[in-house]
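Values in this document were obtained by computation on a predicted structure and should not be read as measured data.
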Amino acid sequence: MVERRRFIQFVGNTPARLCKGERCWNASVLDLSLQGAIITGPAPADIFIGDRLALSLRLAEGDAFIQMQAQLRFVEQQRLGLECLHICSDSSGHLRRMAALYLGSTNWLYRDCMTLWEDQW
């Protein structure tokens, strides 16, 4: 039987900060991979598909922060799909360590954006 997690246990509903330029707002990360993220929460009316955004979140344990530069790929209701454009080595390292600690595997980190988004529906 193939296990398909809808949300990553230690990431699901994690508070995050999303910024477009100098303008920032609070959101929650529902799902996350090295390829992108699904974010939920009210978004400003002036963000559009293709906009570049900065995502930052603090992982539940320790002082590990994840920072990602992303491009908005879809908006549906209060969900935003982000494609990762850049993630620093420190952030990807924190993500890998947390995945190994909590899940015993880092396989989910390498899901492509389409798989990430399809898992949400």
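- Taking SG of C88 as the reference point, atom CD of Q69 lies at 9.5 Å (rounded to 0.5 Å).
- Taking 4.5 Å as the limit, some side-chain heavy atom of L57 sits within range of a side-chain heavy atom of L55.
- In this structure, R73 and L82 have side chains that are not in contact, with every pair of non-hydrogen atoms separated by 4.5 Å or more.
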Candidate pair Q71 and L53, rule side chain to side chain contact (heavy atoms under 4.5 Å, CB included), full reasoning
CA-CA 6 Å; Q71 187 170 27; L53 305 169; over 6 Å; no

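- In this structure, the side chains of L34 and I87 come closer than 4.5 Å at one or more pairs of heavy atoms.
- Using a 4.5 Å cut-off on side-chain heavy atoms (C-beta onward), S91 and M68 make no contact.
- In this structure, the side chains of N26 and R17 come closer than 4.5 Å at one or more pairs of heavy atoms.
- Listed for the T40 side chain is a donor-acceptor partner under 3.5 Å among the backbone atoms of Q78.
- Identified under the side-chain hydrogen bond (donor to acceptor under 3.5 Å, both in side chains) test for residues 47-57, with sequence neighbours left out: K20-D51.
- Between E76 atom CD and I38 atom CD1 the span is 10.0 Å, to the nearest 0.5 Å.
- Cluster annotation: I39 and I49 are assigned to the same hydrophobic cluster (Ile/Leu/Val/Met/Phe/Trp/Tyr, side-chain heavy-atom contacts under 4.5 Å, transitive).
- Between E83 and L72, every side-chain heavy-atom pair lies at or beyond the 4.5 Å cut-off.
- By the 4.5 Å heavy-atom criterion applied to side chains, L80 and I47 are counted as neighbours.
- A distance of 9.5 Å separates NE2 of H86 from CD of Q67, quoted to the nearest 0.5 Å.
- Note on L32: it does not cluster hydrophobically with F65, by side-chain heavy-atom contacts below 4.5 Å among ILVMFWY residues.
- Two residues are said to be in side-chain contact when any heavy atoms from C-beta on lie closer than 4.5 Å; L30 and R79 meet this criterion.
- When hydrophobic clusters are built by joining Ile, Leu, Val, Met, Phe, Trp and Tyr residues whose side-chain heavy atoms come closer than 4.5 Å, directly or via intermediates, L85 is not grouped with V75.
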